[in-house]
Amino acid sequence: MPELRLYNTLARRVEPFAPADGQTVRMYTCGPTVYNPAHLGNFRTFLFEDLLRRVIRLAGWQVEQVMNLTDVDDKIIRKAAATGANILEVTEPFTELFHRDRRYLRIEDAERYPKATEHIPEMIALVERLVANNVAYIADDGSVYFAIARFPDYGKLSQLDTREIRAGARVAQDEYAKENAQDFALWKAAKPEDEATGAAWDSPWGRGRPGWHLECSAMAMKYLGETFDLHAGGIDLIFPHHEDEIAQSEAATGKPFARCWCHGEFLLTDGAKMAKRVGNVANVVDMRDQGISGTAYRHFVFNAHYRKQLNLGDDSLEQSRAAVNRIGAFARRLVEATTGTAALADAATRAERAFLEALFDDLNAPEALAALFTFISEANRELDAQGDDLPALERARAAFRLMDSVLDLVPEQEVDADLAAWVEERLSMRRAARERRDFAAADAARAELTARGILIEDGPDGTRWRKG
RNA sequence: GGCGCCGUCGCCAAGUGGUAAGGCAGGAGACUGCAAAUCUCCCACCGUCGGUUCGAUUCCGACCGGCGCCUCCA
């Protein structure tokens, strides 16, 4: 088993990775803000994290993954206020949708999905520690800020120069009385709309709500400990979100926060970052409506390295759909095969090795995919050869199982009973026609099937069908 | 202005100091009643210009082009 190596943003290089206790990888992944459907760009990151947790298990460790759900923030409050609703009424439907979309993409369940609103006491306690440690200060209106000037390590993750934020970069307007423009809110004093939407809680500093960065620190430490193994998220979170998490966590505990930080690059569309404000977002439901499977999107995402920008083009998903169909055809063939050859076993062993090496080398999924496809070609050739080596076939099945346990790319064949019955009827008509060598009638039956998106394959043991 | 990334076959995309994975699409053939699936074969000198080197797509520099972060953001 090769050694797992990951790019650690903190060190800016690829390093060996292992959990501190040698057993369980404790990882925190920043989840969605549930005020909107998560788009495909968001899901690129979640898919990268899904790959990460699966590879960690492949390395022989257990995973304790926490993904937070941000269910209180400016946008949620604005949306709730606009309709006179409570923030919960805004966030609940989108929380459900997030999980539905996630499952469509076969993203495994994290061990926990804590919500910010259910951890207010933990957050208040954290702010109190920071105030006690004299790195936070209370403004006149009851807001509490973190003073970055009192935390010397500030900037170590993003490596941004905090002494001067230059002209050109937009600096936040000073809504409140901050000592330094870059100080960030730990606790925000309640405004009327916060109260109106149920987004305000009692605290030692008066009514208010937590700052965004605070929730991740509080929940990560509650479930994973003050120091944990891995913290992942999108690359845009490096600054300020993760930088601020480090500041407030380490200033409170005096201990390192996350041991390793991993960040996934963006998804672009039409050459620009996919983002709501750019107006180029696509959602999982859109994809599903177009008949694109979750596996096709997985393939598209894994076909590029997670630290490289990836552009979603017009036919990207079509290409991936075709690729994934090839994998599905092979999976079926492997199930139905009855024997193999010595060369098949050899191909399986080589494929596994190449696959693991690729993935353990900073999650090189494209190369792992290449290993899979090379295996598919070689195995198809050997299966054609009609050998008599049964253990070799088992070896091949095991290798494929291993690879698919990480990539999870075999497209589903949802079986609609009515459709299946209709298809079987056409097929038996076609069989009868072929037996009397009435090929015109046989082709007509096939044309009917094709028109409904059913593809058929004649084999030695009869005809097989599937949805295209 | 600061920080970072990218430019490899028609499209997507790995990779290496000694002449380049894989997928999609395409071409020729085998198999098939015809298809489909599968198999065989074909299909790139790695943005431009310099430098380092015995040798660079791979290192360095410049330039051209594209993207991201520095503000809510996966």
Side-chain angles (χ1 to χ4, degrees), chain A residues 9 12 29-33 38-49 73-75 155 158-173 182 212 232-241 243 263-268 271-278 299-300 302-305 307-327 329-330 332-333 354 358 364-377 379-385 434 437-440 442-443 446-447 450 455-459 463-466 468:
Chain A
T9 306
R12 305 253 162 170
T29 48
C30 290
T33 299
H39 60 246
L40 293 182
N42 299 312
F43 277 111
R44 183 188 182 193
T45 297
F46 301 143
L47 239 17
F48 141 62
E49 291 158 356
D73 92 318
D74 293 353
K75 279 174 272 192
S158 57
Q159 300 193 260
L160 289 174
D161 189 344
T162 58
R163 281 162 305 193
E164 48 177 301
I165 284 251
R166 55 125 262 104
R170 281 160 287 181
V171 176
Q173 287 305 325
Q182 279 191 94
W212 173 41
I235 193 168
D236 55 332
L237 260 29
I238 293 175
F239 188 90
H241 187 54
E243 193 67 65
H263 293 96
E265 254 293 357
F266 276 131
L267 177 70
L268 314 181
K273 167 181 174 177
M274 182 181 280
K276 195 148 174 290
R277 55 190 299 236
V278 183
H299 171 90
F300 168 69
F302 294 156
N303 194 39
H305 189 90
R307 284 194 288 114
K308 275 198 175 174
Q309 294 177 346
L310 172 62
N311 188 255
L312 179 66
D314 290 336
D315 56 352
S316 299
L317 263 15
E318 280 307 319
Q319 293 185 2
S320 285
R321 189 228 295 270
V324 137
N325 279 162
R326 179 168 162 84
I327 296 172
F330 177 71
R332 282 193 299 279
R333 190 171 187 196
N364 192 335
E367 204 158 287
L369 262 175
L372 172 62
F373 278 106
T374 299
F375 173 62
I376 289 175
S377 289
N380 270 322
R381 190 186 317 144
E382 294 310 314
L383 258 15
D384 277 354
R434 292 180 75 203
R437 301 191 71 77
D438 179 356
F439 296 120
D443 288 348
R446 182 171 58 201
T450 308
L455 303 180
I456 63 175
E457 294 168 19
D458 293 328
T463 301
R464 191 160 51 191
W465 67 276
R466 65 187 164 88

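In the text below, chain A, chain B and the rest are named by the order of the sequence lines, each starting its count at 1.
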Query raised in the report: Does A:Asp458 make a side-chain donor-acceptor contact with the base of B:rC34, cut-off 3.5 Å?
Result: yes
Query - Base of B:rG23 paired with side chain of A:Gln319 (donor-acceptor, under 3.5 Å) - result: yes
Report summary line: Taken to the nearest whole Å, CG/A:Asn364 to C1'/B:rG22 is 11 Å
Query raised in the report: So what does A:Ile238 hit on the nucleic acid, given a heavy-atom distance under 4.0 Å: a base, only sugar-phosphate, or nothing?
Result: nothing
Query - Which residue lies more 5' along RNA chain B, comparing A:Leu455 with A:Ser320 via nearest heavy atoms - result: A:Ser320
Report task. Go through the structure and list residues passing side chain to side chain contact (heavy atoms under 4.5 Å, CB included) with A:Arg333, not counting sequence neighbours. Result -> A:Asn380, A:Leu383, A:Asp384
Report summary line: Here the residues of residues 368-376 of chain A within 4.0 Å heavy-atom distance, strictly under, of RNA chain B are A:Ala370, A:Phe373, A:Thr374
Query - Length of the NE2-C1' vector between A:His263 and B:rC69, whole Å - result: 11 Å
Report summary line: Rounded to whole Å, the CG-P distance (A:Asn325 to B:rA25) equals 10 Å
Query raised in the report: If you take atom types as modelled and just measure distance, does the side chain of A:Arg44 reach the base of B:rA74 with a donor-acceptor pair under 3.5 Å?
Result: no
Requested in this report: Applying side-chain hydrogen bond (donor to acceptor under 3.5 Å, both in side chains), name anything that partners A:Ser316, two or more places apart in sequence or on another chain.
Outcome: none
Query raised in the report: Which whole-number value in Å describes the distance from A:Glu265 CD to B:rC5 P?
Result: 10 Å
Query - A:Phe43: partners by ring pair (Phe, Tyr, Trp, His ring centres under 6.0 Å), with sequence neighbours left out - result: A:Phe46, A:Phe98
Query raised in the report: Could you state the CZ-P distance from A:Arg307 to B:rC69, rounded to the nearest angstrom?
Result: 18 Å
Query raised in the report: For A:Arg466 and A:Ala275, take the nucleotide of RNA chain B holding the closest heavy atom to each; which residue's nucleotide lies nearer the 5' end?
Result: A:Arg466
Query - Partners passing side chain to side chain contact (heavy atoms under 4.5 Å, CB included) against A:Lys308 (at least two apart in sequence or in another chain) - result: none
**Report entry** Rounded interatomic separation in angstrom, taking CG from A:Asp315 and P from B:rC24
**Finding:** 13 Å
Query raised in the report: Distance-only, no hydrogens or angles: does the A:Gln309 side chain make a donor-acceptor pair with backbone N or O of A:Phe266 under 3.5 Å?
Result: no
Requested in this report: Please state how far atom CZ in A:Phe266 lies from atom C1' in B:rC6, giving the value in whole angstrom units.
Outcome: 15 Å
Report task. Measure the distance from CZ on A:Phe302 to P on B:rA14 and round it to the nearest whole Å. Result -> 14 Å
Requested in this report: With sequence neighbours left out, write down each residue that passes side-chain hydrogen bond (donor to acceptor under 3.5 Å, both in side chains) with A:Asp443, or none if nothing qualifies.
Outcome: A:Arg446
